[in-house]
Structure formats: C-alpha cells, structure tokens
2 protein chains.
Amino acid sequence: MDDTRWLSAAELEVWRTFVTMFGALGEHMDRQLQRDSAMPYTYYEILVVLSHAPDRALRMSELAGLRGSSRSRLSHAVARLEAQGWVERRECPTDKRGSIAVLTDAGFAALEAAAPGHVTTVREAVFDRLTPEQVRALGAISAAILDGIDPDKSLPGCRELG
Amino acid sequence: MDDTRWLSAAELEVWRTFVTMFGALGEHMDRQLQRDSAMPYTYYEILVVLSHAPDRALRMSELAGLRGSSRSRLSHAVARLEAQGWVERRECPTDKRGSIAVLTDAGFAALEAAAPGHVTTVREAVFDRLTPEQVRALGAISAAILDGIDPDKSLPGCRELG
DNA sequence: CGCTGCAAGTTGAGAGCTCAACTAGTAAAG
DNA sequence: CTTTACTAGTTGAGCTCTCAACTTGCAGCG
C-alpha cells in the first residue's frame, strides 16, 4: 500500500520554502495592484493580453487559452471588467455563439496607469534579488514544471511525448 | 515621471513563464487535494502544521504565523475544519482571549489519508522534473524572494538588514 | 481601582473562483 | 431537412479569501 516516494529532508525544506514564497509573492503582487490600481492581478493580466492583441480584441476562448484560465472564470471576470468600463463585449460576426472582448480606451488608460507600479514591484520582489544566473535557472525550472503539468501550455521548445 | 525600470525581453519571458507555472501548479495541487481528499490545499497545510505541534495543538496566532496566514483567514478556515470534525477549539488557560486549535483523531486520519496522494503529486509535478542542481537552485531562489517580501518569514540564515 | 492603549480572535459583507448545469449555435451524418 | 454531437459562452450556488469593524481581555499608568 505504501509505496509512496516520500520527500527527503532536503527536498522537504526546499518545498516548504518554495510554498511559502509562492503564497507570499502572490499575496504581495495582488495587494499592490489592488491597493494602487483597484484591480486584482488576474484582471491586470487580462488587460495586458488584450492590449497586445490586434485591435485590442480577442475571442473569449482565445483569451482564456492565452491566460490559462477557465471559460467560466474569464466570463465572470470580463463581466466585472465590462461593468467598470474597461472592456466591451461584441458579437462575433462569423460565429453567433462567440463573443469578442475589446479593451476600451478607459481600460487601456487604466492599464497604463497600473503598469509602472506593477513592474516596479516585480523588479524589486524578484529580479533585483536574483543573480542573472538565478534568473535563467528560474526560467528553466518554471518551464520544466509547467511542461509536466500541462504540455499544451508550455512555451516553445518542448520536445517530449512521454 | 517615467523612471520605471521596465523588464528586458529576456526578463519578461522568464516572468511570463514563471507566472504561468505559478498559476498552473497552484491549480494542479489544489485540484488534486480537492478531488481526492475533499479539502483545499490551505486546509491541508493547516492540518500538517498542527500534526507536527506538541499535543497537536497550537494557538491561533501561532498557527497563523507559521502558515503565513491572516488571523481572519485562519479563523474562517478553522471554523470550517471544526464543522468537519477535524479540528477542535479549546480555551487558552493562560489568556482568556486566546483560542487553541487542536487536531482531532479524525483530522489526523484525514491527513494520513491525504498525504500519499499529495506527496506523489508534488514529486511528479516538481522534483521528478528537476535535476538535483535545479532543486538546490529553487530553494535558494525561493529564499531570496521570500526574504525580500517579508524578512520575518524567511528561514534561518538571513543575515541582511538593509 | 479606573483609565487608555493594545493584542487575540471573530464576524459579516463583498469579491473572485470552481463546479455543474444550462442556452444557443455549429457541424456532421443520415 | 432532421437528428445528434459538439463547441462557445453564460449563469448560479457554494466556497474561500480580504478588508474593515467589532468584542473581549490583557497591561501599564495614574
């Protein structure tokens, strides 16, 4: 029954540190955006993705895919963003089921206002604290873990089939 | 106005990969525990900390400190765990304001039942995917980031003040 | 003792997320 | 053209978390 491969003491310590950092960093980022720009991190990310899209518009499902978010979550989020006037929903001309989310000027302005504070927080909390080597390592480690969870979501360069 | 130190292209890519991994891993861990053991990851962690404490008991504030959780959050969580019969609340004999959370036998049993699946998930998602060197790097990186966010929470070995 | 200030913990409202239905439209097969 | 299967997206209930009060008790000072 118990063929569980438990963690070694060293692994356990790494895991505990990692998990703690995980929670603290997420909270830190979220709190900064909430405080300074009145939006949760998730919504910031939606605005970012939309702002990079052609015409600042994307179909809901594409947006969900790019963000690694569920349809339901995105639907709730966009409803909220629409109520704030940062995003608009339009009908999709080629598929009547579809919905297209468009970043409004107000949304773009909100993003522009929020970005400096956010980036500064990222820099101070992460990049300023790591050596260039560690930054590279973090990228590789993240990609490896991501690849194991959901190969579809991993960035280009994955060459394994299992 | 704009003396923001923006991220370089390389940094941005690391950040995006990291954030995506962040979200995916959290969701992955949470879903596994929710599915197999009917508890969120946060609650699992509470049970773990309690199980390691002397007499499987801790004051609320100590528990909150060890878990890096807010008092409010812990209070809600323990209320839920108490309703499930996994934790009991007792009065603190030395401080009538205080409350002591105690892990029940049922709670311990639930933890024992949940642990193998959880550890296996951690191993498969993280440790099996990284080289020993990457594991060490991850520990160092996590500690460095954690240290920057809240020095109080960082593990022993922090020797900076400024 | 009687204040004032602070710490421990709880509570309730509100926000975001998940999960499981559900609506509506597309696509493929007969 | 109808039936069936599937996809896009939304909705509502329930859960956890945050934030801001609020209650209760401790501690120090007069």
- Query: Can you tell me how far P of dG16(C) sits from CZ of R31(A), to the nearest Å?
  - Reply: 16 Å
- Message: Taking 4.0 Å as the cut-off, does a side-chain nitrogen or oxygen of S61(B) come that near to OP1 or OP2 on dA7(C)?
- Response: no
- Would you say Y44(B) and V19(A) are hydrophobically clustered, going by side-chain heavy atoms of ILVMFWY under 4.5 Å? yes
- Report the distance from atom CG of D30(B) to atom C1' of dC15(D), rounded to the nearest whole Å. 11 Å
- Check whether NZ of the Lys or CZ of the Arg R80(B) lies under 6.0 Å from the centre of the six-membered ring of Y43(B) and within 45 degrees of that ring's axis. no
Using a cut-off of under 3.5 Å, enumerate the N/O to N/O pairs linking the protein to nucleotides 21-27 of chain D.
unit_1  : atom_1 : unit_2 : atom_2 : d
dG25(D) : N2     : R97(B) : NH1    : 3.1
dC26(D) : OP1    : K96(B) : N      : 3.2

- Message: Rounded to whole Å, how long is the line connecting atom CZ of R73(A) with atom P of dT16(D)?
- Response: 17 Å
- Message: Does dG9(D) have its OP1 or OP2 closer than 4.0 Å to a side-chain nitrogen or oxygen of S72(A)?
- Response: no
- Message: Do Y41(B) and H118(B) have side chains that approach each other closer than 4.5 Å (heavy atoms only, starting at C-beta)?
- Response: yes
- Message: I'd like to know if L66(A) and V102(A) are part of one continuous hydrophobic network [Ile/Leu/Val/Met/Phe/Trp/Tyr, side-chain heavy atoms within less than 4.5 Å].
- Response: no
- Message: Could you tell me how far apart R35(A) (CZ) and dT18(D) (P) are, to the nearest whole angstrom?
- Response: 15 Å
- Task: Send over the distance from E27(B) CD to dG16(C) P, rounded to a whole Å.
- Result: 17 Å
- Just how far, in rounded Å, is C1' of dA8(C) from CG of L63(B)? 14 Å
- Task: Test for a donor-acceptor pair under 3.5 Å between the base of dG9(D) and the side chain of H76(A), counting only N and O atoms.
- Result: no
- Could you tell me whether the phosphate oxygens of dT11(C), OP1 or OP2, come under 4.0 Å of any side-chain nitrogen or oxygen in R71(B)? no
- Check L50(B), V49(B), V48(B) against L103(B) for a side chain to side chain contact (heavy atoms under 4.5 Å, CB included) and give me the one that passes. L50(B)
- Message: For residues F22(A) and L33(B): do they belong to one hydrophobic cluster (side chain heavy atoms under 4.5 Å, members Ile, Leu, Val, Met, Phe, Trp, Tyr)?
- Response: yes
- Starting at CE of M60(B) and ending at C1' of dA7(C), how long is that distance when rounded to a whole Å? 15 Å
- Message: Side-chain N or O of R59(A) versus OP1/OP2 of dG9(D): is the shortest distance under 4.0 Å?
- Response: yes
- Query: How many angstroms lie between atom CZ of F127(A) and atom CD1 of I145(B), to the nearest 0.5 angstrom?
  - Reply: 8.5 Å
- Item | Spacing between E91(B) atom CD and dA8(C) atom P, to the nearest angstrom | 17 Å
- Item | Contacting residues from residues 40-58 of chain A, given that a heavy atom lies under 4.0 angstrom of DNA chain D | none
- Heavy-atom neighbours of E91(A) CD exceed 12 at 6.0 Å: no
- Note on the structure: The answer to which of R89(A) and Q34(A) contacts DNA chain D further toward the 5' end, by nearest nucleotide, is R89(A)
- Task: Identify, between S75(B) and A77(A), the residue whose nearest nucleotide on DNA chain C lies closer to the 5' end.
- Result: S75(B)
- Query: Side chains of D30(B) and Q34(B): donor-acceptor distance under 3.5 Å anywhere?
  - Reply: no
- Item | Test: E88(A) and R56(A) ion pair at under 4.0 Å | no
